[in-house]
Number of protein chains: 2
Amino acid sequence: MASIRDVAKLANVGPATVSRVLNETGYVSAETRKKIEKAMQELNYTPNELARNLYHKKTGIIAILVPTVAHPFFSEFVNDIEIELHEKNYKAMLCNTSIAGNAELEYLDMLNRHIVDGIISGVHSNDIEIYQKMKKPIVALDRYLGEDIPVVAVNHKRGGRMAAEELLRNGCRKVLHFRGALSVESPYHERHYEFDRMMREHDVEVHSYELERNRFDSQYYEKVIADVFSKKIPFDGVFGVDLLAIGYMNEALRRGIRVPKDLKLVSYDGTYVTGMVEPKMTTVVQPIAELAKEAVQLIDLLVNGKSLQGKRIELDVTLQRGMTTLDC
Amino acid sequence: MASIRDVAKLANVGPATVSRVLNETGYVSAETRKKIEKAMQELNYTPNELARNLYHKKTGIIAILVPTVAHPFFSEFVNDIEIELHEKNYKAMLCNTSIAGNAELEYLDMLNRHIVDGIISGVHSNDIEIYQKMKKPIVALDRYLGEDIPVVAVNHKRGGRMAAEELLRNGCRKVLHFRGALSVESPYHERHYEFDRMMREHDVEVHSYELERNRFDSQYYEKVIADVFSKKIPFDGVFGVDLLAIGYMNEALRRGIRVPKDLKLVSYDGTYVTGMVEPKMTTVVQPIAELAKEAVQLIDLLVNGKSLQGKRIELDVTLQRGMTTLDC
């Protein structure tokens with residue numbers, strides 16, 4: 001499917017000039033117009049996209065389903081996905097499912113009706129059965145949505161181990177561990193299992209706090225932090241996703257607890273917010289741009305008819321040391 | 001245009017059930033199936049959306065153009081816009097323009113070619129001329145994109161005044177003011193003019209730092225903060241958007257400057273990150289959810305043929321006092 005950019009490239013002009021010809025909105029010399037029209041013919045470019053889509057049964061639209069974009073991990077992820085899709089001449093349709101839970105079904109329906117060519121999904125799905133039956137281009141981010149649906153995720157086991165090793169090196173003996181909802185079918189549980197296993201192996205006391213599924217809003221995180229502090233347990237180590245580790249640290253600082261002297265923290269995800277706090281957060285970084293790139297590559301292959309049954313892509317995480325742990 | 005949700009409502013079943021009938025992916029009783037088919041007929045619902053769009057010359061898709069979603073203001077805005085659009089049965093197409101600058105033109109082109117029904121734009125446009133000539137459904141967020149294009153923004157003048165009053169009450173005498181790029185045509189300059197005017201009126205020394213246009217990334221913000229500190233000016237007050245005020249504060253804390261004793265800060269936007277730092281940031285809050293609601297209402301009116309020539313919507317800001325200023 002040729003785009004306006006392909007036409008511009010072939011005609012050796014800027015996209016703005018092609019746009020002016022198409023939309024009759026400005027002056028373009030007769031010579032340039034001719035070049036552009038020739039390029040359009042050569043590329044079989046038709047401005048009536050709807051008719052063209054009907055013919056090709058493709059729309060060039062990929063839907064991105066996330067719980068919310070008002071959250072640093074998902075906003076970085078959606079940002080990078082859109083950039084990668086744009087590179088490959090797709091358009092990105094965005095859907096937040098945390099408020100409108102049904103929206104997920106609408107999008108699956110749109111996939112069946114050829115309104116979107118594929119779906120990249122990072123949601124806490126309620127209806128995995130429907131995904132499994134679809135046999136359409138779907139890529140899952142950090143979720144299991146069915147045996148046949150390819151998954152892009154990081155090596156969470158290693159991530160859990162890195163966090164555990166960092167807190168163990170720092171001598172922590174009483175650790176708080178925020179863990180994702182067990183009811184979500186996700187590779188992320190691996191990090192929780194590994195973290196807990198290592199703590200037990202070293203006789204460290206671990207308190208697990210299981211988060212509710214599908215809650216990513218500040219109000220919820222504030223409630224969780226208040227809840228944890230109400231129990232008055234003197235933790236000397238904390239492990240959890242960026243926003244929770246940061247929330248815990250700030251409340252601790254307010255109470256006069258010194259970081260990292262009395263309290264060590266390691267966060268998970270490593271989004272831009274970990275650099276926005278003082279002291280800077282030590283964090284296990286997910287390579288979000290790489291995850292986005294892989295997800296787009298897979299969806300592109302699926303849209304173009306490749307079979308990727310049960311494909312799993314696992315990327316590596318890295319530890320980025322801030323000032324909330326000591327370099328032991 | 002009837003949606004799957006309309007069908008579900010009329011048939012008095014859940015959207016999942018309608019989806020199962022459409023996609024033949026699960027058990028639905030004969031009676032329920034009949035109800036759903038009747039509702040589809042009544043609403044003239046056709047699953048072949050592409051053909052239907054071609055007939056109606058509408059796609060139900062609105063494009064959202066922002067510089068980036070990996071930024072708290074735009075991620076909250078895009079999130080709220082998508083929720084509002086979904087409420088009104090539109091789909092949201094997302095486009096980040098800060099990396100792919102040309103994308104803006106592609107979307108204007110798509111609007112002309114009936115691939116999207118309208119555009120909500122919050123970008124630092126390079127090509128305002130093209131917008132002006134289009135006479136199509138476009139709504140601007142906090143930008144001037146042409147005389148005819150409606151604008152949704154806050155009362156920035158009042159925002160600038162609130163910030164100035166707060167720093168004046170706190171006795172600041174040497175103030176740093178991060179201001180938006182002057183080359184961008186935006187209502188936001190009003191807050192800068194008003195802030196500077198009030199500072200001068202009270203004989204307070206103001207240093208303005210003009211930001212580059214179209215830069216919203218952490219790397220850039222870090223560079224700006226390093227640049228400011230390299231000048232070794234002992235500011236006692238700072239005013240700037242959330243991420244810059246936070247960046248300045250953290251660097252100051254690292255250098256042993258006490259907040260709010262030696263340094264007072266007021267940020268602008270009031271996104272969730274202002275509650276994520278310690279001490280909490282005093283901030284002028286833009287009502288992002290309301291801005292999104294207004295923008296969607298306007299685009300819906302335009303798509304439905306209403307004329308809104310030169311319409312301006314101005315919402316109010318509020319001061320939310322954190323711990324970076326004193327309650328004088």
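Lettering of chains follows the sequences in order, A, B, ..., and the numbering in each one begins at 1.
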The criterion is salt bridge (charged side-chain N to carboxylate O under 4.0 Å, His left out); which residues satisfy it with B/Glu106, sequence neighbours excluded?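 Scan of B/Glu106 (salt bridge (charged side-chain N to carboxylate O under 4.0 Å, His left out), adjacent residues dropped) gives A/Arg5, A/Lys91.
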side-chain contact (heavy atoms from CB on, under 4.5 Å), that's the test. Do A/Leu105 and B/Ile4 meet it? Break it down for me. CA-CA 9 Å; A/Leu105 292 170; B/Ile4 189 169; 5.9 Å; no
For A/Ala70 and B/Ser75, which heavy atoms make the closest approach, and how far apart are they?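 Smallest heavy-atom distance, with atoms named: CA-OG, 3.9 Å.
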Interatomic distance, [X] atom [atom1] to [Y] atom [atom2] [nearest 0.5 angstrom]:
X	Y	atom1	atom2	result
B/Gln219	A/Tyr272	CD	OH	12.5 Å
B/Glu76	A/His71	CD	NE2	12.5 Å
B/Cys95	A/Leu94	SG	CG	12.5 Å
A/Met93	B/Ile62	CE	CD1	10.5 Å

Can you tell me which portion of [X] sits under 4.5 Å from chain A's heavy atoms? Options are side chain, backbone, both or neither.
X	value
B/Ser218	side chain
B/Leu85	neither
B/Tyr107	side chain
B/Ile64	neither

Do the non-hydrogen side-chain atoms of B/Ile115 and A/Thr59 ever get within less than 4.5 Å of each other?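 Sidechains of A/Thr59 and B/Ile115: no contact.
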Is the number of heavy atoms from other residues, nucleotides or ligands within 6.0 Å of NZ (A/Lys293) greater than 12?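 Atom NZ in A/Lys293 is not crowded, with 12 or fewer foreign heavy atoms closer than 6.0 Å.
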Give a yes or no on whether A/Lys9 atom NZ has more than 12 heavy-atom contacts from other residues, nucleotides or ligands under 6.0 Å away.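 No, the 6.0 Å shell around NZ holds no more than 12 heavy atoms from other groups.
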Among A/Pro15, A/Gly14, A/Ala8, which residue has the highest count of heavy-atom pairs closer than 4.5 Å to chain B?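 Maximum pair count with chain B is reached by A/Pro15.
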Leading residue by heavy atom contact count with chain B [cutoff under 4.5 Å; candidates A/Glu87, A/Arg254, A/Glu251, A/Glu82]: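 Option with the top pair count is A/Glu82.
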Measuring heavy-atom distances to chain B, does A/Ile288 have an atom under 4.5 Å in its side chain, in its backbone, in both, or in neither?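 Contact with chain B involves no heavy atom of A/Ile288 at all.
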Under a 4.5 Å heavy-atom cut-off, does chain B meet the side chain of A/Pro72, its backbone, both or neither?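 Both parts, backbone and side chain.
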What do the steps show when you test B/Val18 against A/Asp109 for side-chain contact (heavy atoms from CB on, under 4.5 Å), and what is the final call? CA-CA 9 Å; B/Val18 179; A/Asp109 183 56; over 6 Å; no
Just one of B/Asn96, B/Val78, B/Val69 clears the side-chain contact (heavy atoms from CB on, under 4.5 Å) bar with A/Val78, so which one?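 Single pass found, and it is B/Val69.
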Mark yes or no for whether A/Asn250, through its side chain, and B/Met276, through its backbone, hold a donor-acceptor pair below 3.5 Å.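 It does hold such a pair.
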